[in-house]
Amino acid sequence: KAGVTQTPRYLIKTRGQQVTLSCSPISGHRSVSWYQQTPGQGLQFLFEYFSETQRNKGNFPGRFSGRQFSNSRSEMNVSTLELGDSALYLCASSLGPTGGQETQYFGPGTRLLVL
Amino acid sequence: QKEVEQDPGPLSVPEGAIVSLNCTYSNSAFQYFMWYRQYSRKGPELLMYTYSSGNKEDGRFTAQVDKSSKYISLFIRDSQPSDSATYLCANAQGGKLIFGQGTELSVKP
């Protein structure tokens, strides 16, 4: 079974631009979560989607948004990019809504560099 | 205070050593505990998952949870150079994972 896929793998943007990242979960998985990983802050939760609905949101500004499609694929968008948005963005999928008991499987990530 | 604290290391051990990786957490509501392994330039890979106090073993890996002291550990027996990676502990809370900073482990041949 194919794992979680993320596109693109690498991105370079400039301040003020916006970016859209894509995630395809494991086949049959309906929940998708997004995380940001930086050397200083580590892995931080952005948001979780299940059945096209955002179920949880982390402590990030409104510039970070996401959505999920009927086929469970998800996208996240970051508008008005800042230098501090440079990070590895990770997508994780699970079978159902993650009340804690659902294990999450991560994709390889999209590495974003903001200049 | 971070909800999950983990010594970032780096930790360097010789091949064959027993490795002990540790985390503490502050929120007693945490019930589900995971260990992830992350190789350089890869996404985290789920190693172990447990929800109760005590030990859980999987091959060379043992996860230990002590809810009374809010302490979780991962032991790696007979460590191999291929175990060189960053190890992240995580607690699940209401649909999101709270991660420690990760411990960078290097196993020298």
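Model, not experiment: these values are computed from the prediction. So you know, we letter chains A, B, ... as the sequences are listed, proteins then strands, and number each from 1.
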Has B:K42 got more than 12 heavy atoms of other residues, nucleotides or ligands less than 6.0 Å from its NZ?
no

Out of curiosity, does A:W34 fall in the hydrophobic cluster containing A:L81 (side-chain heavy atoms, cut-off under 4.5 Å, transitive links)?
yes

Could you walk me through whether A:Y35 and B:L97 pass the side-chain contact (heavy atoms from CB on, under 4.5 Å) test, one step at a time?
CA-CA 9 Å; A:Y35 294 82; B:L97 295 179; 3.4 Å; yes

Please give me the minimum heavy-atom distance between A:R9 and B:R41, naming the atom from each residue.
NH2-O, 3.9 Å

Just checking A:N71: does its CG atom have more than 12 heavy atoms from other residues, nucleotides or ligands closer to it than 6.0 angstrom?
yes

Measure distances from B:E45 to the heavy atoms of chain A and classify the residue's part below 4.5 Å as side chain, backbone, both or neither.
neither

Can you hop from A:M76 to A:Y10 via hydrophobic side chains spaced under 4.5 Å?
no

Linking I/L/V/M/F/W/Y whenever any side-chain heavy atoms sit under 4.5 Å apart, do B:L11 and B:W35 land together?
yes

Dump the intermediate steps for side-chain contact (heavy atoms from CB on, under 4.5 Å) on B:Q38 and A:L88, then the final yes or no.
CA-CA 13 Å; B:Q38 186 174 24; A:L88 180 66; 4.1 Å; yes

Which bit of A:L90 is near chain B, if near means a heavy-atom gap under 4.5 Å: side chain, backbone, both or neither?
side chain

Membership question, hydrophobic clusters at under 4.5 Å side-chain separation (ILVMFWY): are A:V19 and A:V114 in the same one?
yes

Contacts of type salt bridge (Lys or Arg N to Asp or Glu O under 4.0 Å), residue A:R15, not counting sequence neighbours:
none

Which atoms of A:Q37 are under 4.5 Å from chain B, going by heavy atoms: the side chain, the backbone, both sets, or neither?
side chain

Within residues 98-109 of chain B, the residues sitting under 4.5 Å from chain A by heavy atom, in sequence order, are B:F99, B:Q101

Close side-chain approach of A:L46 and B:K96, heavy atoms under 4.5 Å
no

Within this structure, what is the OH-OG1 distance for the pair B:Y32 and A:T103, rounded to the nearest 0.5 Å?
12.0 Å

Before you tell me yes or no, could you show the steps for B:L46 and A:Q104 under side-chain contact (heavy atoms from CB on, under 4.5 Å), namely the whole-Å CA-CA distance, both residues' side-chain angles and the distance that decides it to 0.1 Å?
CA-CA 8 Å; B:L46 180 65; A:Q104 298 184 33; over 6 Å; no

Can you hop from A:F64 to A:L11 via hydrophobic side chains spaced under 4.5 Å?
yes

